[in-house]
Amino acid sequence: MIDSDIPFRGLLSIILRSHRVFVARELSSLKLTDAQVACLFRIHRQPGVTQDELSWFFQVDKGTIARITRRLEERGLIMRKQDPRNRRRYMLSLTAQGEELIPLIREVEDRWTDLLFENLTDEERDTLMELCRRLAEDAMKIRGVEDDRGR
């Protein structure tokens, strides 16, 4: 049983660490890190995204994103195309091999969600998701990030 005095941040941390362990175990044959999976999904959702935009979105330094995308490119999961408007920037997209992974990863994510919510009613699940969306939006406001980039 989880202590009732664990702060909100601690509860979120427990959930996120448990998610990372679950996904790593379920996708161990793909040999992808949590950060690589997140980048694959973002590139899938927004083909043509740049490394700078990924850095901004995930709030991590550009060097970290550069290493992640380099490894994904070396594995043949993403490709870079020079931005015609700015030749120093590269737009990222998934290769066919990268696209093939998306349904597999999504299946694992759906299984995690189903397991996590199995003791909640549909109404509780919907309410929790709506509250979490609102909290995420408020957290971004507190952080001072407006989603004016359409991302």
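Quick caveat, the model's predicted, so the values are computed rather than measured.
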I want to check a possible cation-pi pair here: Arg42 against Phe58, using under 6.0 Å from ring centre and within 45° of the ring axis as the test. no

Report whether Ile15 and Leu120 are members of the same hydrophobic cluster (ILVMFWY, side-chain heavy atoms less than 4.5 Å apart, transitive linking). yes

Counting distance only, does the side-chain N/O of Glu53 pair as donor-acceptor with the main-chain N or O of Thr50 below 3.5 Å? yes

When you check the gap from the basic side-chain N to the acidic O, do Arg88 and Asp52 get nearer than 4.0 Å? no

Minimal non-hydrogen separation, Gly76 against Thr95, with atom names: O-OG1, 2.5 Å

Whether Glu130 and Arg133 form a salt bridge (side-chain N of Lys/Arg under 4.0 Å from carboxylate O of Asp/Glu) is what I want to check. yes

Would you confirm whether Ser55, through its side chain, and Gln51, through its main-chain N or O, come within 3.5 Å as a donor-acceptor pair? no

Let me see the working for Leu32 and Leu27 under side-chain contact (heavy atoms from CB on, under 4.5 Å), right down to the final yes or no. CA-CA 7 Å; Leu32 291 170; Leu27 296 175; 5.7 Å; no

Does Trp56 offer a backbone N or O that forms a donor-acceptor pair with the side chain of Gln59 under 3.5 Å? yes

Donor-acceptor pair, side chain of Thr64 and main chain of Val60, under 3.5 angstrom: no

Please confirm whether the backbone N or O of Gly48 pairs with a side-chain atom of Ser93, one donor and one acceptor, at under 3.5 Å? no

Between Glu107 and Arg111, does at least one N-O distance fall below 4.0 Å, as a salt bridge requires? yes

Please check if the side chain of Glu100 supplies one atom and the backbone of Gln97 the other of a donor-acceptor pair under 3.5 Å. no

Less than 4.5 Å apart, side chain to side chain, heavy atoms only: is that true for Met91 and Met79? no

Glu73 side chain to Arg70 main-chain N or O, any donor-acceptor pair under 3.5 Å? no

Hey, is the main chain of Arg9 close enough, under 3.5 Å, to the side chain of Ser13 for a donor-acceptor pair? no

Is there a side-chain contact between Leu94 and Pro47, using heavy atoms and a 4.5 Å cut-off? no

Parallel under 30°, tilted from 30 to 60°, perpendicular over 60°: which one fits the rings of Trp112 and Phe22? tilted

